[in-house]
**Q** 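My structure is below; once you've seen it, I'll send some questions.
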Amino acid sequence: MLKENFKKTQTASKGIKRVRTSKPAKDKNSDKIHIPDGLFKKCPNCNEIVFVEDVVDNSHICPVCGYYFKLMARARISMVVDKGSFEEWDTNLLTEDPLCFPGYYKKLEKVQSVTDLDEAVITGKCTIRGYETCIGVMSSDFLMGSMGSVVGEKITRLFEKATDKNLPVILFCCSGGARMQEGTISLMQMAKTSQAVKRHSEAGLLYISFLTDPTTGGVTASFAMLGDVILAEPEALIGFAGPRVIEQTIKQKLPEGFQRAEFLVKHGFVDRIVKRKGIRKSLAYLLASAGYNKKGDE
Amino acid sequence: MAGKSQKESVADELFNVEFVDRDELTPWDRVLLARDKERPYALDYINGIFDEFMELHGDRAFGDDGAIVGGIASIDGKYVTVIGQQKGRSIKQNIKRNFGMPSPEGYRKAIRLMKQAEKFHRPIICFVDTPGAFCGMEAEERGQGQAIANNLYEMSSLETPVLSIVIGEGGSGGALAMAVANEVWMLENSMYSVLSPEGFASILWKDGDRTAQAAEMMKCTSKELEKLQIVDKVIDEPKPADVKDMESLNFVLKQEIINFLKRYEKITPKQAAEERYERFRRF
Ligand SMILES: [Zn+2]
C-alpha cells in the first residue's frame, strides 16, 4: 500500500503546484479512477495528484484548480464546527422495512460499515465560532443521501430538540430524494419533517438550510427549501426533478448551468452562494444577527 | 388478470368479464385502473357530490394552473373549500390540464385557497389524482420543490379540518402536497406511491417494463396502504369507478364526506391542526 503511494509520488510530484485559479470545475464526473485514501488523491477536475493533507487544510478544495471535492458528512462536520464541540444524537434508530425489500437490511449494514455512518444523516449539537446550534449533515455516500424513515426521524427529532432547547438549526442538505426501498413510508417523511420545521419556526427560532451537491427530489420538496435563510455551495445541483428525468420529459438537452446553485439564486430560490472557506464566518454572522449569543470561545 | 397496455380502457375490459372477482385483481391491474381514461376525474366528483361549486382561479403571483382546480362548494347546507388535481380526456383538455401534472403555480393556488378556507372556517376537501408534479424546465425555474415544500409546511398547521381523497393516481410528492390531511382516504382502485412502477422497475432492474412485478413489490394499492396505516379509509368500488355511471359511488362518497364534516364539527380548529400533526408524526 505504502509502496503504491510512493510510486504515485514519483509520477505526480511535478504536478503539485500551489497555485489556485478561480476557474470552477466543469465536469465533476469525468473521472472514475480510484486512488486509495491515504497520502494522495487525484482531482477529478484537473487530474492532478494532490496531497490529501493539503486538500483538507484547503477546506477540501483542490489546491491546483479550485475544484470542490465531495464532502462526506464527518469531514463536513469537522470543517464547520468548533473543534471538539460536536455531540452526536440518535445514532441507533431502527430502520423500517415495510416492503420487505430483498436485501435491504444487508445493504444497509454494508453501507454502514463502509461509511462509518449509521444513516444518511448525522445530527447533533455543536458550537460554531462560539455560537451554540443544532446541526445536521447529510451524506451522499450513504445510499445517495436518500431519505427513509430513519433519516426523516433523525431530522424531525433534530428540529423537535432544537425547539425544546431554544436553539437554531443548521442543516447541510444533500440527497438523491426519497428512499425507494421504503415505498410510501419514505414519502411520508417529507410531511413529517416539514411540520417539525414549521413548529421550530413558530417558536421564533432560526433555520439555515445549506444546499450542497446534489440536493434533489423529496428533500428539495421538503425541509431543504424551508430555511429562513437558504445558502448553497457553488455549482451545487439543486432541483426537484433530476436533470435526466427532465431531459427525458422534454426530449432535449438542458442548457449549461441549469439547476445549479447560481441558477437558483437567479430565479430567487436561494439567498446566496457561500464558498467553503466562508462557511463558518457566514453561519456565525447569521446566528449573531438572529439574536443568539456566544456560549464560549471558539 | 394479466397486465394490459395502458391505451385500452381497462374498466371496459373488466365490465366485459362477467365474473371478475375484485380480490383477484393484481396490484398492476389496479394501477391500470387508477390511470384509466374512463375513470372519473376530480371535476366529475365535484360536480356529482356537491350541491354547488364556484371555481376560483390563480396563484396571485404567476398564473392559473389548469392541472389544479379549486373553489368553494356547498354540501349538506355547509360551505367547504374543494381542491382537485384535474386530468383531461381529450388532447385539447390535456393541454389545458397538462395531464394532471401540476406546476408550481398550481400548488401555490392550492395553498392560497386553503389559507382562505382557514380564514373563513371552511373545512377543506382535496381530490388527489396526479402522475406526479410536472418535470419540465419551467417548473424547475419557478421552484417546483419550493412550492411542494411550502404546501407541506403550511398544511401541517392549518386550523381547519382537511380531508384528502386519492381518486386515481397518487404520484409521489406531487400528490402529498395535497394530502397532508386529518384523514386520507383512497378509492379501492387508486394508487399512492413514492414513484411510478415504471420508475421503480427501471431503477431496480434497469428494466422499465417489469411494471407488474414492481407494482407487486411497492405496496401502492389502497388495501396495502390501509394496512400500513398510511390511509384511514378505503372506499369500495364494487365495479371499477366509471365516469359514465357514477351515481352510486357519488352517493356513498357524499354520505362519507357529510359524516366526516359532522365528526369534525365537534373538534376545535386548533385540535384539528394538532391531530393532523400527530397523524404524520407517527411515520
Ligand atoms: Zn484540481
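In what follows, chains are A, B, ... by sequence order, proteins preceding strands, each numbered from 1. What you see below is based on every heavy atom in this structure, not just the backbone, and it leaves out hydrogens, waters and symmetry mates. These numbers come from a predicted model, not from an experiment.
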**Q** Looking at F101(A) and L204(B), what are the two nearest heavy atoms and their distance?
**A** CZ-CD1, 3.3 Å
**Q** Between F134(B), Y277(B), F200(B), who has the most heavy-atom pairs with chain A when the cutoff is under 4.5 Å?
**A** Y277(B)
**Q** For M144(A), I'd like to know if atom CE has over 12 heavy atoms of other residues, nucleotides or ligands within 6.0 Å.
**A** no
**Q** Under 4.5 Å heavy-atom distance to chain A, tell me which part of S157(B) shows up: side chain, backbone, both or neither.
**A** side chain
**Q** Answer yes or no: is there an ion pair linking R281(B) with E160(A), defined by an N-O contact shorter than 4.0 Å?
**A** yes
**Q** What's the spacing between M217(B) CE and C100(A) SG if we round to 0.5 Å?
**A** 9.5 Å
**Q** Pick from E153(A), M180(A), Q248(A), K266(A): which one has the most heavy-atom pairs with chain B under 4.5 Å?
**A** M180(A)
**Q** Between R282(B) and E96(A), does any NZ, NE, NH1 or NH2 come within less than 4.0 Å of an OD or OE carboxylate oxygen?
**A** no
**Q** Which distance, rounded to the nearest 0.5 Å, do you find between the SG of C220(B) and the CG of L187(A)?
**A** 12.0 Å
**Q** Given the options I246(A), I238(A), I230(A), L254(A), which has more heavy-atom pairs under 4.5 Å with chain B than any of the others?
**A** I246(A)
**Q** Quick one: closest heavy-atom pair of I148(B) and M190(A), and the distance?
**A** CG2-CE, 4.3 Å
**Q** For chain B, which candidate among F240(A), F263(A), F258(A) shows the most heavy-atom pairs at distances under 4.5 Å?
**A** F240(A)
**Q** Please check this pair: side chain of E140(B) against backbone of A241(A), looking for a donor-acceptor N/O pair closer than 3.5 Å.
**A** yes
**Q** With a 4.5 Å limit on heavy-atom distance, are the side chains of K198(A) and E154(B) in contact?
**A** yes
**Q** Just verifying a value: how many Å separate F223(A) CZ and L152(B) CG, rounded to the nearest 0.5 Å?
**A** 11.5 Å
**Q** Would you name the heavy atoms of M225(A) and G145(B) that are closest together and state the gap between them?
**A** CG-C, 4.2 Å
**Q** Taking K219(B) first and then E182(A), would you say they form a salt bridge - that is, a charged N and a carboxylate O separated by under 4.0 Å?
**A** no
**Q** Can you tell which part of R279(B) gets under 4.5 Å to a heavy atom of chain A, answering side chain, backbone, both or neither?
**A** neither
**Q** Could you check whether any side-chain heavy atom of I230(B) comes within less than 4.5 Å of a side-chain heavy atom of I185(A), counting everything from C-beta outward?
**A** yes
**Q** Would you please test S201(A) and Y153(B) for side-chain hydrogen bond (donor to acceptor under 3.5 Å, both in side chains) and show each step?
**A** CA-CA 10 Å; S201(A) 178; Y153(B) 182 82; 3.2 Å; yes
**Q** Which pair of non-hydrogen atoms, one from V194(B) and one from S186(A), has the smallest distance, and what is that distance?
**A** CG2-OG, 3.5 Å
**Q** Within 45 degrees of the ring normal and closer than 6.0 Å to the centroid, is that where the cationic atom of K192(A) sits relative to F283(B)?
**A** no
**Q** Highest number of heavy-atom pairs under 4.5 Å with chain B: which of Q181(A), R199(A), E247(A), M188(A)?
**A** R199(A)
**Q** Which of the residues A196(A), G239(A), A191(A) is involved in the greatest number of heavy-atom pairs with chain B at under 4.5 angstrom?
**A** A191(A)
**Q** Between chain A and each of L176(B), L225(B), N150(B), I203(B), count heavy-atom pairs under 4.5 Å; write down the option with the most.
**A** L176(B)
**Q** Just so I understand: if I count every heavy-atom pair under 4.5 Å between each of I250(A), L226(A), T220(A), T249(A) and chain B, which residue has the most?
**A** L226(A)
**Q** Using a 6.0 Å cut-off, check whether atom NZ of K110(A) has over 12 heavy atoms from anything other than its own residue.
**A** no
